[in-house]
Amino acid sequence: MTVVKALTIAGSDSGGGAGIQADLKTFQELKAYGMSVLTAVTAQNTLGVQGVYPLTVSQVEEQLDSVGEDLKPDALKTGMLFSAEIIEAVAKKIQQHDMNNVVVDPVMIAKGGAKLLQDEAIDTMKKDLIPLATIVTPNIPEAEVITGLTLNTLKDRKEAAKCLYQLGAQNIIIKGGHAEEEEVVDLIYDGETFTQLINERRYTANTHGTGCTFAAAIAAELAKGVNVIDAVRVAREFTQVAIEDDLNIGSGQGPTNHWAYQSRREKV
Ligand SMILES: Nc1ncnc2c1ncn2[C@@H]1O[C@H](COP(=O)(O)OP(=O)(O)O)[C@@H](O)[C@H]1O
Ligand SMILES: Cc1ncc(COP(=O)(O)OP(=O)(O)O)c(N)n1
C-alpha cells in the first residue's frame, strides 16, 4: 500500500469544526495519513471563540523539525498562524525541510468575528509565506485585506487574483462563500487562465470550518499527486456535501459533516 502523508500547520478548535480537527478529519476521509503542527489553542464552540492561546515560536519550530526530519509530508496546509513570528518560523522551516505542495489558507477572522491573525502579521504573510504557496485560498474578506482592493464584482476578484499571483503564489483560488449571491463562485487563477467553479448556495448556519476543510482537502489530493484543478474539484465536492449533510449540533454556527463525502460514495 502506498501511504500519502499530509500535514496541517494550524490552530486547535476545541469544538472540532475548524482548525487542526477539521483538517485531520478531512485527511482521514480522503485517505491521507494526517500529521499536525499546532500553532495555537483556541477555546471555541459553535457560539464563537472564547479564548486564543498561541504557542511559542520554539514550540512550533520543534514540531516542524520532528515532522520534517522523519515523516516528510507529501503536502501541507497552513491555517491559523496568529503572529508574524510564527509565520516567519513556519516559512523558514518549510524551506529548510524542503516541503512541497504547500496550500496556504490565510486565516484571519473566524466567522463569529474573533481575530485569529494579528494585523501586524499580514505583511509577513505576504512577504514570507504566500510566495511559497502552490495554491493560496483566501475568502473574499481575506483577499481584500491582502490586496487592499474592494471586491464587489467578478472583475474586482480577477484583479485581486492577479495581485496575489504577483506576490508569488503559483495558483490562487478566491472562494465565494462570503459573497451575497445565489450561486457560490470560486475563482481560480494560475497566472494565465481564470476558471470559475460555480454551485448553488446552501442556506444553512452550519458552515463553521468550511475554509479549513476545503484547504485540507486540496492538500490531501495534492499529496496523492493530483493536479491543482482536479484537487480543487475534489475539495469543492467534499466541502459541498459536508455543508449539505450537516450535523446540526451545538446552538450556534455548527460544523460541517466530514463523513458525508465517503458516506455518499458508499451508497452509490
Ligand atoms: N453557503 C454555502 N453554500 C455552498 N457552498 C459554500 C457555502 N459557503 C461556502 N461554500 C464553499 O465552501 C468553500 C469555502 O468557502 P468559504 O466559506 O468562502 O471559506 P471560509 O470558510 O474561509 O470563509 C468554498 O468552496 C465555497 O464555495
Ligand atoms: C483554530 C481555528 N482555525 C481556523 C478557523 C477559521 O476557520 P474557517 O474554516 O475559516 O471557518 P470559520 O471560522 O470562518 O467558520 C477557526 N475558526 N479556528
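Just follow the structure's listing: the first ligand is 1, and inside any ligand the first atom is 1. Below, each value reflects all heavy atoms present in this structure, side chains not excepted, and no hydrogens, waters or symmetry copies.
Close approach of ligand 1 to Arg202 (heavy-atom distance below 4.0 Å) involves ligand atoms 1 (N), 2 (C), 3 (N), 4 (C). Those atoms of ligand 2 that come under 4.0 Å of a heavy atom in Gly19, given as number and element, are 1 (C), 2 (C), 3 (N). Less than 4.0 angstrom separates some heavy atom of Thr239 from each of these atoms of ligand 1: 12 (O), 13 (C). Close approach of ligand 2 to Gly211 is summarised as follows: ligand atoms under 4.0 Å from at least one heavy atom of the residue are 9 (O). In summary, the atoms of ligand 1 found under 4.0 Å from a heavy atom of Phe214, numbered by their order in the structure, are 25 (O). Each of the atoms 1 (C) of ligand 2 lies under 4.0 Å from some heavy atom of Gly11. Short contacts between ligand 1 and Lys175, defined as distances under 4.0 Å to a heavy atom of the residue, involve ligand atoms 14 (C), 15 (O), 18 (O), 19 (O), 20 (P), 22 (O).
At least one heavy atom of Asn199 sits under 4.0 Å from some atom of ligand 1. The closest approach between Gly209 and ligand 2 falls below 4.0 Å for a heavy atom of the residue. Remark: distances from the non-hydrogen atoms of Ser12 to ligand 2 include one below 4.0 Å.
Of the protein's non-hydrogen atoms, the one nearest atom 7 (O) of ligand 2 is Cys212 SG, 3.1 Å. In terms of protein heavy-atom proximity, atom 25 (O) of ligand 1 is nearest to Asp186 OD2, 2.6 Å. Of the protein's heavy atoms, Lys111 CG, 2.8 Å lies nearest to atom 14 (O) of ligand 2.
The proximity of Glu200 to ligand 1, defined as any non-hydrogen pair under 4.0 Å, is limited to the backbone. Under 4.0 Å from ligand 2, the heavy atoms of Gln44 that appear belong solely to its side chain. At a heavy-atom distance under 4.0 Å, atoms from both the backbone and the side chain of Ala110 approach ligand 2. Neither the backbone nor the side chain of Asp105 comes within contact range of ligand 1; no heavy atom lies under 4.0 Å. Only the side chain of Ile243 comes within 4.0 Å of ligand 1, counting heavy atoms alone; its backbone N, CA, C and O stay farther away.
Checked by distance only, ligand 2 and Asp13 stay at 3.5 Å or farther apart across all their nitrogen or oxygen atoms. For Thr42, no nitrogen or oxygen atom sits less than 3.5 Å from a nitrogen or oxygen atom of ligand 2, counting backbone and side chain alike.
Of all the listed residues (Gly211, Ala215, Gly177), Gly177 holds the heavy atom that lies closest to atom 9 (C) of ligand 1. Checking Thr8, Leu116, Leu81, Thr210 against atom 6 (C) of ligand 2, the nearest heavy atom belongs to Leu116. Which of Thr210, Thr137, Thr204 comes nearest to atom 17 (O) of ligand 1 through a heavy atom is settled by distance: it is Thr210.
Below 30°, between 30° and 60°, or above 60°: for Phe238 and Tyr261 the angle between ring planes is between 30° and 60°, a tilted geometry.
Using a cut-off of 4.0 Å between Lys/Arg side-chain N and Asp/Glu carboxylate O, Lys92 and Glu85 are scored as not salt-bridged. A salt bridge between Asp186 and Arg157 is absent, with no side-chain N of the basic residue lying under 4.0 Å from a carboxylate O of the acidic one.
Checked against the 6.0 Å centroid criterion, the rings of Tyr33 and Phe27 do not qualify as a close aromatic pair.
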